[in-house]
Every structure is written in C-alpha cells, then in structure tokens.
Amino acid sequence: MEPISGVPAIVAMVAKVLGLFTILMLVVAYATLAERRISAWIQDRSGPNRVGPFGLLQPIADGIKNFLKEETLPATANRLFFVLAPMITITPALVVFAVIPVAAPLATPWGVVDMIVADVPIGILYVLALSSLGVYGLVLGGWASNNKYAFLGGLRASAQMVSYEVALGLSLIPVLMLVGNVTLTEMVWQQQQMGIWFALPLSLAFILFLISAFAESNRLPFDMPEAESELVTGYHTEYSSMKFSQYMIAEFGHMVTASALMATLFLGGWDLPGTWDNAFWHEGQLIRGFAEDGSVLMADAAWWKTLVTFGAFGVKTLFFLLVYIWVRWTLPRFRYDQVMALGWKVMLPTGLGYAMLMAVTILSLDTVGMTYGFTYGLVLTGVSGLATLAFLFFIDRGHTIAGAAALNRQRAHAARHARGDNPAGDGQVVLPSAVGD
Amino acid sequence: MVEIFFYIFAATALGGGLGVVLSKSPVGSLLMMVVSLASLAGVFVLLEAHFLAAIQVIVYAGAIMVLFLFVIMLLNLGHDYQQDLKWGAFSVLSFAVAGGLAGILAREVGGDWQIADGVVPPGGRAIDAAVREHGAVGAIAEPLFTTYVVPFEITGILLLVAIVGALALAKRNVS
C-alpha cells in the first residue's frame with residue numbers, strides 16, 4: 001500500500017487539521033462540564049443540570065456568556081502584554097496535539113493516510129519545546145496585570161514549571177532509551193512490538209510523568225499559580241470575558257494533551273491488544289511486524305481498524321482526563337515549599353536514579369542477547385516494579401502503606417496500658433504517640 | 001517555498017535582535033530575544049537540523065529566558081515609561097563599531113555562497129544520511145558520545161565549576 005500523495009494528500013491534511021481541532025475544542029468544552037458534574041457528584045451536589053438534557057448545553061451557554069461579558073482592562077496594566085499573554089498561553093496548548101498519532105493509518109482509494117497531523121522527526125521534543133513556551137503566557141499575564149496577587153501567581157508559575165520540566169524530561173529518558181527514537185509513531189510501534197504497554201515495564205517513569213504532568217498543567221494539587229485561597233485567582237485575577245476564557249481553554253487543552261501523551265507513551269496510544277491492528281512505515285512499506293526469519297509482514301489498513309483504534313485512543317485519553325478531575329476533587333493543595341521540595345528533592349533524584357537503573361538493565365539485556373519482545377518486557381517490568389515499590393514506600397513515609405498495621409499496633413499498645421500492665425506500674429494510660437513505638 | 005520561509009525567519013530574527021536593544025522595558029527586550037531565538041530555531045528547521053531547533057527552543061527560549069524573566073520581574077528592573085537608552089556620542093560610536101563588524105562579516109561571507117539549483121551541498125547530504133541511519137537525535141548523539149566524548153565531558157565539568165562558583169559567591173554575600 002502506498003502513502004497518499006498529490007492533491008488528495010493536501011485535502012487529507014486539511015481534513016485532519018480541521019477534524020482534530022474540532023474534536024479537541026469539543027473535548028475541551030465538555031471537559032469543563034465533566035469537571036463540574038464530577039465535582040458535584042464527588043461532593044454530593046447536583047452540579048449544572050438545567051441547560052439542555054443533563055446540562056449538556058452548559059458549555060455553549062458558558063461560551064456565549066464569556067463572549068457577551070464586559071472586557072476589562074486595568075488602568076495600570078501594560079496594555080500590549082496584557083492582551084498578548086492569553087494568546088501566548090492558548091497557542092502552545094492547542095498545537096502540541098499535532099504530533100500525537102490518534103489512530104491506525106486509514107486506507108483510502110487514493111492511498112494510506114497517517115492519522116497524525118505532522119509526524120515530525122523530533123516528535124516528543126516538539127512537545128517539550130512548545131509546552132515550555134506556554135509558561136510565558138502565565139508569567140506575562142501576571143506581570144502585565146500590575147496586581148500583586150496576579151504577579152505572585154506569575155512568579156510561582158515560572159518557578160514551578162521550570163522545576164517540573166526537569167522531572168518530566170528525566171521521566172521520559174527511560175522511554176526514549178527503550179524506543180530508540182523520539183517520534184511518537186515509533187513509540188506506539190515499539191509498544192506493539194513488545195506486546196506490553198510501557199506503563200508496566202517503565203512503571204516508575206509512568207508515575208513520575210503523571211505527577212510532573214499534573215504540575216506542568218497547573219492542576220490541583222499543584223495549582224499554586226492560581227491558588228484561590230491565597231492569591232484570589234493568581235495570574236488571571238484581572239482577566240475577564242474571552243481573555244479569561246482563553247486561559248481556561250488553555251488549561252483544559254493542556255490537560256487533554258497531557259492525557260493523550262500519557263496514553264501514547266505509556267498505554268500504547270491507539271494500540272489494542274493483539275497484532276491485528278499494528279501498522280508502521282518501514283522503508284516505505286506499511287508493515288505489521290517481522291516474521292521469524294526477519295522478513296516483513298505487510299499490514300492491511302482498513303477503515304474499521306482506524307475507527308476502532310481511534311476509539312481506543314479516545315477511551316485512554318478520557319480515562320486520564322477523568323483521573324485529572326478525580327485527583328483535583330480528592331487531594332488538598334500543596335504548600336508552596338512542599339511543591340518545590342517534591343520537585344527538586346524527590347522527583348529529580350528519583351528520575352536520575354531510575355534512568356540509570358533502566359540504562360543498566362537495558363544494556364545488560366542487550367549484552368546477554370535477549371531479543372526485544374514480551375520476555376524482555378517482563379524482565380523490565382520486574383526491575384521497574386521493585387524500583388516503584390521502593391519509591392512508593394519511601395514517599396509514603398509510613399502513612400498509608402504501613403499505616404493500618406502501625407495503627408493496629410498502637411491500638412494494641414493502648415489496650416495493654418488500659419488493662420493496667422503498664423511497665424511504669426502507676427496504672428496511668430500512656431498515649432500511644434508518647435510510647436515511641 | 002523554503003526561501004520565502006528563510007527570509008521570514010531571518011527578518012524576525014534580526015527584528016527581534018533590534019527589538020532587544022531598542023525596547024523600552026526589560027520585559028519587552030526579553031520577549032524580543034525569545035522571538036529572535038525562536039526564529040533562529042525556524043532557520044535550523046529549514047537547514048534540516050530538527051534536533052538543534054528543538055533544543056534551541058527547549059533550552060534557550062523555554063528555560064534560560066524564563067529564568068531571566070523571573071529575575072527581571074522579581075527585582076522589578078527598569079521602567080517601561082522611560083527610555084533607559086541614552087543617545088550620545090558613545091551610542092553613536094557603538095553603532096558604528098557594530099556596523100563595521102557587520103560589514104566585514106558580510107564581505108567575508110557574502111561572496112559566492114549561493115548554490116546552483118539542484119545541487120545538494122555535501123554537508124547537507126552527510127546530515128541526511130546520518131539522520132536516516134540514526135534518527136534526528138542519534139545523528140548528533142552518536143558523534144557526541146563517541147568521537148567528541150572528551151570535549152563534551154570537559155564542557156560539562158566547566159558548567160559544574162561555574163555552578164559551584166556561583167553558589168560560593170551567593171553564599172558569601174548572605175552571611
């Protein structure tokens with residue numbers, strides 16, 4: 001099967017850009033509704049349920065409201081940067097999606113269409129580059145507002161995003177070492193070849209990436225730049241109507257992109273179990289895999305495969321979106337120094353150590369001569385599992401994992417004292433915390 | 001097509017550079033610098049150096065300039081309502097020196113750099129082959145960690161020395 005070319009390729013490209021952009025904006029709009037409905041459900045309220053059936057038209061009402069509201073411009077604000085900042089924020093959040101493959105290649109009468117807007121050779125680096133530019137919008141918005149709270153929010157945003165970019169990059173290194181390339185299509189392909197999605201063989205990288213992605217998109221428990229109990233609403237305090245809406249769209253766009261990235265990097269992207277849907281451009285041919293003797297197995301692209309894999313990709317992305325919302329309404333906000341300590345004293349050393357561990361493991365497996373595949377993945381899963389357990393045990397500090405057992409021991413201790421067999425013999429109940437057990 | 005994009009990127013890079021010098025507020029200067037760096041990344045993409053372009057944006061535009069912005073905002077440097085640039089004999093002199101340097105550069109480089117249609121310069125062909133074989137990152141990583149590993153490590157040590165020195169200086173001032 002040949003890749004599409006000529007005029008049909010241009011038509012396909014325009015269709016992909018328009019289609020993906022529309023879907024992205026729809027998902028962003030309905031993510032706001034999902035957030036409000038799920039938060040209501042978690043807090044035992046009803047949430048917005050008046051506009052349309054189940055409140056389904058609420059995002060449209062919100063949009064109209066934002067368009068019609070008065071647009072304010074503080075008298076002391078820096079006019080140029082105040083207007084520019086929301087635009088700088090929203091652009092990177094929306095264009096990052098261009099390098100994420102969303103489905104198996106689509107077969108058309110004119111040739112095979114890759115279901116990715118731009119398969120750039122630098123893949124994930126493009127994502128890192130653009131998401132690192134997104135911080136300018138936050139910082140500038142806070143600065144240009146000429147408002148103390150907004151300014152503090154902007155400062156926090158710059159410090160936090162620079163800090164967690166380090167951890168994000170380090171958590172990607174094991175993935176890059178395993179894949180051997182930086183393009184996202186190749187990442188999906190290598191997960192198909194291994195037969196295990198990278199969430200298991202690289203479990204600690206997955207956890208580090210998840211935490212860093214939360215921090216990078218400024219979501220609770222990392223929403224220091226807009227901590228409303230401390231800074232009014234942080235960097236967008238002075239913004240109203242569509243400018244405020246742009247910040248909101250950017251935040252949800254970040255969430256959707258980060259979810260799609262996590263799905264692609266660690267849950268196989270559009271891949272479904274089995275080899276029936278595998279497809280990759282190998283030396284100009286669309287292949288499904290390699291036979292025992294090294295010859296290529298051709299893939300047959302079909303429209304229903306594209307549809308099913310697109311569904312799989314959507315479900316995985318929506319799952320992470322749900323996790324984002326779920327975490328927001330479950331965990332309280334960090335203190336600012338805790339955010340910095342977690343980033344530099346926990347995430348950075350862990351990321352470095354884990355990258356070293358994975359490098360040693362991958363090098364040993366390659367030296368032993370094990371071929372890349374399912375067993376390879378199982379060995380990595382074992383090593384990573386141990387590292388993840390150690391990490392969780394360390395970060396937990398005896399609160400949750402050992403917590404229940406420790407509590408039982410304290411209760412037994414208290415009961416023993418209450419019965420009177422106190423070593424001190426004075427019959428007084430010694431509080432379990434004072435025993436030092 | 002490529003030529004049009006080159007002129008666009010070159011113009012924004014130069015305009016950004018001018019903006020750094022001429023902008024009234026330090027934050028404006030900094031943003032102009034980001035524009036200039038990003039345009040240079042665009043030129044790198046046109047030269048097929050995708051990895052360099054990405055690193056240019058990630059490291060310079062995305063990390064170092066954010067720190068600059070952080071410092072400028074934290075110390076509240078400069079005033080955006082008055083010109084910090086003072087026009088005098090000295091500024092005229094500096095413009096003359098810069099112009100002279102640009103002239104020398106243009107004379108040295110400006111000879112016969114134009115390439116005939118359809119001829120791929122040998123450097124470009126080597127890059128293409130390396131990218132095909134090792135990928136966009138591998139083409140740079142391979143020589144960096146084999147042939148040039150010693151200079152690379154020495155550069156790393158140099159940076160470490162600079163960091164330790166900065167820390168030592170900062171610490172002495174506090175106590």
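In the text below, chain A, chain B and the rest are named by the order of the sequence lines, each starting its count at 1.
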So for atom [atom1], which belongs to [X], do other residues, nucleotides or ligands contribute more than 12 heavy atoms lying within a distance under 6.0 Å?
{"X": "Tyr60(B)", "atom1": "OH", "value": "no"}
{"X": "Phe9(B)", "atom1": "CZ", "value": "yes"}
{"X": "Met65(B)", "atom1": "CE", "value": "yes"}
{"X": "Phe68(B)", "atom1": "CZ", "value": "no"}

Quick one: what part of Val34(B) sits under 4.5 Å from any heavy atom of chain A, side chain, backbone, both or neither?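 For Val34(B), side-chain heavy atoms alone lie under 4.5 Å from chain A.
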Quick one: what part of Leu30(B) sits under 4.5 Å from any heavy atom of chain A, side chain, backbone, both or neither?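 Contact with chain A: side chain only.
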Under a 4.5 Å heavy-atom cutoff, which of Gly180(A), Ala129(A), Gly134(A) has the most pairs with chain B?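 Between Gly180(A), Ala129(A), Gly134(A), the count favours Ala129(A).
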Side chain, backbone, both or neither: which part of Val182(A) has a non-hydrogen atom closer than 4.5 Å to chain B?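 Val182(A) touches chain B through side-chain heavy atoms alone.
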Restricting to pairs with a member in residues 143-164 of chain B, which pass side chain to side chain donor-acceptor pair (under 3.5 Å), not counting sequence neighbours?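 Of all non-adjacent pairs touching residues 143-164 of chain B, none passes side chain to side chain donor-acceptor pair (under 3.5 Å).
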Look at the side chain of Tyr136(A) and the backbone N and O of Leu31(B), then say whether any donor-acceptor pair between them is shorter than 3.5 Å.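 Checked: no pair found.
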From Ile58(B) atom CD1 to Leu125(A) atom CG, the distance as rounded to the nearest 0.5 Å: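 Rounded to the nearest 0.5 Å, the CD1-CG separation comes out at 5.0 Å.
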Of the non-hydrogen atoms in Gly28(B) and Phe81(A), which two are nearest, and what is the gap between them?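 Heavy-atom minimum between the residues: CA-CZ, 3.6 Å.
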Among Val27(B), Val45(B), Leu67(B), single out the residue with the greatest number of heavy-atom pairs under 4.5 Å to chain A.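 When all of Val27(B), Val45(B), Leu67(B) are compared, Val27(B) has the most.
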Name the option with the most non-hydrogen atom pairs under 4.5 Å to chain A; the candidates are Gly62(B), Ala63(B), Ala41(B).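 Most heavy-atom pairs under 4.5 Å with chain A: Gly62(B).
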